[in-house]
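Structure first, commentary second.
Computed from a prediction, not measured in an experiment: that's the story for all the values here. Lettering of chains follows the sequences in order, A, B, ..., and the numbering in each one begins at 1.
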Amino acid sequence: MRPAIRFLGDELIERIVSEGRHIMCKLGIEIHNDTMLSLLVDHGVAIDKNTNRVFFNQSIIDKALVSAPRSFKLYDVLEKQAVDLSGFNVNYTPGSAAIYILDGKTNNIRRPLANDYTQYVKLMCKMNNIASQSTAMVPADVHEKISDSYRLYLSLLFCEKPVVTGAFTIEAFEVMKNLQVAIRGSIENLAAKPLTIFSCCPTSPLKWSDVTSQNLIDCAKYSIPVEYISMPLSGFMSPVTLVGTLIQHTAETLSGLVMSQIVNPGTPILYGGSPAFFDVRYETTPMGSISTMMIDCAYNEIGKYLGLPTQAYIGLSDAKHLDAQAGLESSMGATLAALAGINNISGPGMLDFESCFSLEKLVVDNEICGMTLQMIKGIEPKEDFPSQPIFEELLKEKHLLISDHTLKYLKGEEYYPGKVLSRANRSRWEEEGSTTISERAANEIDKMIKQWHPTLLGDDIKKELTQLMEKEAQKYGMSKLPQIN
Amino acid sequence: MTVIQELSEQLQQGNPKNVAELTRQAINENIDIKTILDKGLIAGMSVIGEKFKAHEIFLPHVLLAAKAMYAGMDLLKPLLLKEGIPTRGKVIIGSVQGDLHDIGKNLVAIMLKGAGFEVIDLGNDVSPEKFLDTAEKENAGVVGMSALLTTTMPVMKKVIDLARARGLYGKKRFIVGGAPLSSEYAKEIGADAYCFDGVSAVETVKRFAGIF
């Protein structure tokens, strides 16, 4: 039996969805994009031109819910299926767009550079429990106008895994799409075998900016999957009650869904978000808050109730270093998310309110992900009934270490973490240097990055990616791309 | 692949039947007995030891390889004796008097045998006299003592004290292991080494035997 967790009953979900839809129709959603407003008007939606407020109707919401796919898959750069976003399948991806990196050597934070990003991508190739990459950091040594596309370029160049990403501007979408088309060979093939998911974020409360609305339009045109990242802040930018926040999240997310589906019915989407229970003591948005995690799991239930695949920023921490707080918040979030069956879980590697990325934490979180993936396999009987033969063998042989039964089920019944977690007895731990978790993580990083080898993507395609990126950089006055070591 | 390489490979696969067959074939082909032992069986077990330390394989695979090693050793032993080739060394092992726990001790015995040592397992509840009498009689270089209980740990000191009285201390090596033990305790009672698991026991005994 797959273990599961629920926070809402169906009756409460229906009431929340009904209220969310009511807010969309009666109070409306502010949309600051003329193309989108025209499209909505064409589809019979009322708008207030003075306020850019769009008053959705029940019929257009129903249509969007019908046309949105129930599931979709991501394929790696070599067109191999890598992520299945359906049912209660759980897939992990790192947290995204950190503006700082926690430097493992100095233990200080600083702005990440292209080389940091490349190290991260190489490390991601070895993260066996994290199915996709994300564009986890924003490199500071390229022009800010290409800081989004350049991340995607490095990810596609150095790792085969699909990428969860996003555009910071309207203009950046073009090259980010072209990089993907270069890999797939055609727009049609990219639509058939999605390579990326774009995060598109409404602005709480109840608003979509020009950039994110345009990103929704552009992604839908090319059938590039999107995840809606609604970010209500309980008690600040949304009602303090969790149910009230869920109503707002529903309205913001369903408005995004309608926008994608009117542009291109069938555009793959994830019912996602990054809400937080606002901390009125520190004026912060804690991702490690238990109420934040409960909102995440609850809107995932709403998404599933609506028949949609889901996403959440959960399994990350607000700690400043790789400490006990980092472990407890990340593992609590990842455990809840896995039990809830959130399809795309964004979090590994992230600290400090989604602002700081740590390679060491990524390596530790990979083990948390491994454990939770093992957990949701649940407990199933194998060759356990009748039990007498195995106990007879145990009594006869005095142990079962080399029993056929042991050899057959040893690896399936337990998740064996890498060397970053200490499972040795004290004496061996001392013999191996009495290392801390950070030191062990640093050792693993060095080892894994040394083991990296170039991807199997053709050299001609890699060359084309570089040409596309260089051309984009030149637009913003960069004569060459940063030197990668 | 030569027969010796194949022997090492089959040992690593934990296949006693094939190891016995290949050992027999190597003997029939008049390959030097020491070469069969060192380059075939022991070389295979060394690879297993390294892989185990690196977490590439787990304990069951080490034990399976050790079992395969025995299959080869059973055939080589009479020939080694006949040609006067010394074995890697002899180890007396047992759980100390009053202690009936022997799981850890058994694991160590299997792994030492797997590493090519001759192991005389005295079982559990072994008196100090029996440890030393057997060590003298068998001319064993190493005495391994195991205890799970804090109440039985002091017997280890009795064994070492008796060895001092008999003039054996310094001539034979005493190693200790078990859940309540520590290197501090081993030092306190005068033991030569504390081994915290099977791998460390094998490494320690190899060190004493001058094998690195």
Side-chain angles (χ1 to χ4, degrees), chain A residues 126-129 363-364 366-367 370-371 374 382-383 390-391 393-435 437 439-441 443-448 450-451, chain B residues 13-16 48 52-71 95 100-111 113-114 121 123-124 148 175-187 193-204 207:
Chain A
K126 291 283 181 185
M127 296 291 101
N128 54 336
N129 299 308
V363 171
V364 175
N366 179 55
E367 302 300 354
M371 286 189 196
Q374 177 71 24
K382 307 286 170 10
E383 291 171 54
I390 191 73
F391 287 101
E393 187 181 346
L394 173 58
L395 294 173
K396 180 171 169 245
E397 300 294 331
K398 306 258 187 339
H399 67 79
L400 292 172
L401 277 167
I402 54 172
S403 151
D404 287 345
H405 187 262
T406 303
L407 295 170
K408 189 167 176 186
Y409 296 111
L410 187 67
K411 291 207 170 162
E413 293 286 292
E414 160 72 322
Y415 170 72
Y416 294 96
K419 289 195 164 182
V420 70
L421 297 191
S422 173
R423 292 265 173 95
N425 59 34
R426 176 169 284 274
S427 300
R428 170 158 283 189
W429 171 72
E430 286 172 351
E431 191 189 75
E432 290 174 354
S434 306
T435 51
I437 194 163
E439 289 166 338
R440 290 192 298 277
N443 289 340
E444 291 299 289
I445 291 167
D446 285 347
K447 198 173 76 187
M448 288 175 177
K450 273 183 199 140
Q451 287 170 350
Chain B
Q13 299 294 324
N15 193 328
I48 286 287
F52 180 59
K53 275 188 96 172
H55 294 185
E56 285 174 35
I57 57 166
F58 300 161
L59 189 57
H61 305 102
V62 178
L63 301 186
L64 285 172
K67 224 174 160 184
M69 170 99 178
Y70 304 164
S95 297
L100 301 177
H101 302 89
D102 61 2
I103 295 170
K105 180 267 296 174
N106 290 346
L107 269 180
V108 171
I110 294 169
M111 291 174 82
K113 273 198 222 172
D121 188 347
N124 51 40
L148 183 77
I175 62 173
V176 294
L181 274 291
S182 66
S183 49
E184 289 74 27
Y185 185 77
K187 213 170 172 185
Y194 157 64
C195 306
F196 51 80
D197 60 15
V199 170
S200 71
V202 170
E203 285 175 350
T204 304
R207 202 171 67 237

Listed by number, the residues in residues 62-70 of chain B that come under 4.5 Å of chain A (heavy atom to heavy atom) are B/Leu63, B/Leu64, B/Lys67

Option in B/Gly14, B/Ala54, B/Ser183 with maximal non-hydrogen atom pairs under 4.5 Å from chain A: B/Ala54

When rounded to the nearest 0.5 Å, the distance separating CG of B/Asn106 from NE2 of A/His399 is 7.0 Å

Please evaluate residues A/Lys398 and B/Asp102 with respect to the criterion side-chain contact (heavy atoms from CB on, under 4.5 Å), reporting the C-alpha separation (whole Å), side-chain torsions for both, the decisive distance (0.1 Å), and the verdict. CA-CA 10 Å; A/Lys398 306 258 187 339; B/Asp102 61 2; 5.9 Å; no

Run the ring-ring contact (aromatic ring centres under 6.0 Å, His included) test against A/Tyr416 and tell me which residues pass, sequence neighbours left out. B/Phe58

Please state whether the side chain, the backbone, both or neither of A/Glu430 comes within less than 4.5 Å of a heavy atom of chain B. neither

Does anything in residues 400-411 of chain A get under 4.5 Å of chain B by heavy atoms, and if so which residues? A/Leu401, A/Ile402, A/Leu407, A/Leu410, A/Lys411

Are more than 12 heavy atoms from other residues, nucleotides or ligands located less than 6.0 Å from atom CG of B/Leu100? yes

State which residues pass salt bridge (Lys or Arg N to Asp or Glu O under 4.0 Å) with B/Glu184; sequence neighbours excluded, sorted by chain then number. none

Do you know which two heavy atoms are closest between B/Lys53 and A/Lys419, and how far apart they sit? O-NZ, 3.2 Å

Under 4.5 Å from a heavy atom of chain A, the part of B/Leu107 involved: side chain

Would you compute the distance between atom CD of B/Glu203 and atom CD of A/Glu431 and round it to the nearest 0.5 angstrom? 6.5 Å

